[in-house]
Amino acid sequence: MSSNPIVEVILRIPRGKVATYGQVARLAGYANGARLVVWTLSTQRKRHDLPWYRIVNVRGGISLPRGDGYELQKAMLTAEGVAFGAGDRIDLSRFQWQPGEEA
DNA sequence: AACCTGACTTCGG
DNA sequence: TCCGAAGCCAGGT
């Protein structure tokens, strides 16, 4: 359980799919809380076992700094079947999580 | 209470 | 498509 709606949403992102910061915020009830998701990931990650690597920016790219998580996140996603194209960008039309599309 | 910060997003040029 | 500016939320100082 978690009293945090954002944490709940993050835990629902299925394997092999990704969600954007803004998308997670929206699903949690915050229309403009992208930065709140950032805060949640950096803090709540220590208290919950969150699939933090499934969160990417709206361009389908990784926001972590190279040399400090960037490579790890890319490796985690690649291991789940998420493909990276030119510019290390993910095709969101193919890998973005669509809540309710299937089980 | 004001100000700063962070793995962001949107808009205009 | 890329860049800069403004807007957002909560916690920490």
Side-chain angles (χ1 to χ4, degrees):
Chain A
M1 67 97 184
S2 100
S3 50
N4 189 323
I6 292 184
V7 169
E8 300 270 339
V9 173
I10 295 176
L11 291 174
R12 290 195 196 103
I13 305 173
R15 191 168 168 294
K17 290 290 180 177
V18 299
T20 66
Y21 297 87
Q23 177 185 12
V24 171
R26 250 183 120 77
L27 291 172
Y30 297 92
N32 302 300
R35 309 207 65 164
L36 181 54
V37 173
V38 171
W39 173 85
T40 302
L41 285 175
S42 38
T43 62
Q44 307 309 293
R45 190 147 100 68
K46 304 163 188 171
R47 313 176 188 185
H48 304 273
D49 191 14
L50 306 175
W52 58 273
Y53 52 86
R54 292 184 185 141
I55 313 296
V56 298
N57 61 43
V58 75
R59 298 178 317 184
I62 293 175
S63 295
L64 285 171
R66 287 182 176 61
D68 183 28
Y70 187 101
E71 293 300 335
L72 173 60
Q73 179 167 15
K74 183 177 178 182
M76 293 297 281
L77 291 175
T78 299
E80 294 194 342
V82 177
F84 285 76
D88 267 9
R89 278 181 271 95
I90 297 169
D91 181 350
L92 292 181
S93 67
R94 279 180 44 187
F95 300 102
Q96 178 166 38
W97 174 38
Q98 307 299 328
E101 73 173 357
E102 57 74 40

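Chain letters run A, B, ... following the sequence lines, proteins first and then strands; every chain starts at 1.
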Would you say Ser42(A) places a side-chain N or O within less than 4.0 Å of OP1 or OP2 belonging to dA7(B)? no
Within a strict 4.5 Å, meaning less than it, do heavy atoms of the Ile62(A) and Asp88(A) side chains meet? no
Between the base of dA7(B) and the side chain of Tyr21(A), is one N or O donor paired with an acceptor at under 3.5 angstrom? yes
Separation of dC8(C) atom P from Arg26(A) atom CZ, nearest Å, is 15 Å
When rounded to the nearest Å, what value does the distance between P atoms of dA7(B) and dA6(C) take? 22 Å
With distance as the sole test, does Gln44(A) use its side chain to make a donor-acceptor pair with the main-chain N or O of Asn4(A) at under 3.5 Å? no
Between the side chain of Lys74(A) and the main-chain N/O of Gly69(A), is any donor-acceptor distance below 3.5 Å? no
Starting from the C-alpha separation in whole Å, work towards a yes-or-no answer on side-chain contact (heavy atoms from CB on, under 4.5 Å) for Val38(A) and Ile55(A). CA-CA 9 Å; Val38(A) 171; Ile55(A) 313 296; over 6 Å; no
Value in whole Å for how far the P atom of dT5(B) lies from CG of Leu41(A): 20 Å
Expressed in angstrom and rounded to an integer, what is the separation of Asn57(A) atom CG from dT1(C) atom P? 14 Å
Rounded distance in Å - CG (Asp88(A)) to P (dA7(B)): 19 Å
Mind checking Arg45(A) for me? I need base, sugar-phosphate or nothing, with any heavy atom below 4.0 Å counting as a touch. base
The correct set of residues in residues 28-40 of chain A placing a heavy atom under 4.0 Å from DNA chain B is Ala34(A), Arg35(A), Val38(A), Trp39(A)
Any non-hydrogen side-chain atom of Thr20(A) less than 4.5 Å from a side-chain atom of Leu92(A)? yes
In whole angstrom, what separates Gln44(A)'s CD from dA7(B)'s P? 15 Å
Nearest-Å distance, CZ (Arg59(A)) to C1' (dT10(B))? 13 Å
Verify the cluster assignment for Phe84(A) and Trp52(A): are they in a single hydrophobic cluster under the rule of side-chain heavy atoms below 4.5 Å apart? yes
Working to the nearest 0.5 Å, report the span between OG1 of Thr78(A) and CD of Gln73(A). 10.0 Å
Return the value, rounded to whole Å, for the distance between atom CD of Gln96(A) and atom C1' of dT9(B). 13 Å
Whole-Å distance separating the CG atom of Leu27(A) from the P atom of dT9(B): 13 Å
